[in-house]
Amino acid sequence: IRTEKGPSLLLSSNPTGSPGPGDRKGNVIVADMKNHHIRKITPQGHVSTLAGTGVVGYRDEEGTVAQLSSPSGVAGDGDGNIFVVEYNDHRIRKIT
């Protein structure tokens with residue numbers, strides 16, 4: 001499996017929870033709780049970051065500028081939106 005920064009980055013802190021929703025292209029979305037990221041895994045095994053800076057906190061921004069605090073689960077809807085449960089901040093956030 002390849003990642004956006006090389007093979008050693010792949011979910012290096014053992015993400016918790018189950019893989020989340022897939023999309024129409026077969027990608028799987030994962031909450032990487034200990035690294036404070038939301039990851040996308042393609043059918044080819046490429047891993048990229050959808051959201052989160054990797055620094056724990058709360059910043060309501062887009063994509064990799066947003067800060068997350070221990071995202072512990074993800075779910076999706078029929079419109080392609082992703083909902084993220086943040087354990088530490090007691091929030092549900094929406095990625096569109």
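These values consider heavy atoms only, across backbone and side chains, with no hydrogens, waters or symmetry-generated copies.
- Put simply, the side chain of E86 never gets that close to the backbone of P71: no donor and acceptor are under 3.5 Å apart.
- Interatomic distance, NZ of K34 versus OG of S72, reported as 13.0 Å (0.5 Å rounding).
- In the hydrophobic clustering of this structure, L50 groups with L68; members are Ile, Leu, Val, Met, Phe, Trp, Tyr whose side-chain heavy atoms approach within less than 4.5 Å, directly or through other members.
- How far NZ of K40 is from NE2 of H46: 11.0 Å, rounded to the nearest 0.5 Å.
- Legend: salt bridge (charged side-chain N to carboxylate O under 4.0 Å, His left out) pairs involving residues 42-57, not counting sequence neighbours: none detected.
- The cationic group of R93 does not satisfy the cation-pi geometry with F83, failing either the under 6.0 Å distance to the six-membered ring centre or the 45° limit from the ring axis.
- Counting only heavy atoms from C-beta outward, the side chains of S70 and H36 approach each other to under 4.5 Å.
- Linking ILVMFWY side-chain heavy atoms closer than 4.5 Å, directly or via other members, places V47 and V30 in a single hydrophobic cluster.
- V85 and I82 fall into different hydrophobic clusters, where Ile, Leu, Val, Met, Phe, Trp and Tyr residues are linked whenever their side-chain heavy atoms come under 4.5 Å apart, directly or through other members.
- R39 and T49 form a side-chain donor-acceptor contact under 3.5 Å, judged by distance and modelled atom types alone.
- Counting heavy atoms from C-beta outward, I95 and I38 have side chains that approach closer than 4.5 Å.
- When atom types are taken as modelled, the side chain of D77 and the backbone of D79 share a donor-acceptor pair closer than 3.5 angstrom.
- Between R59 and V65 the shortest side-chain heavy-atom distance falls below 4.5 Å.
- Contact detail for I29 and V74: the closest heavy-atom pair is O-CG2, 3.6 Å.
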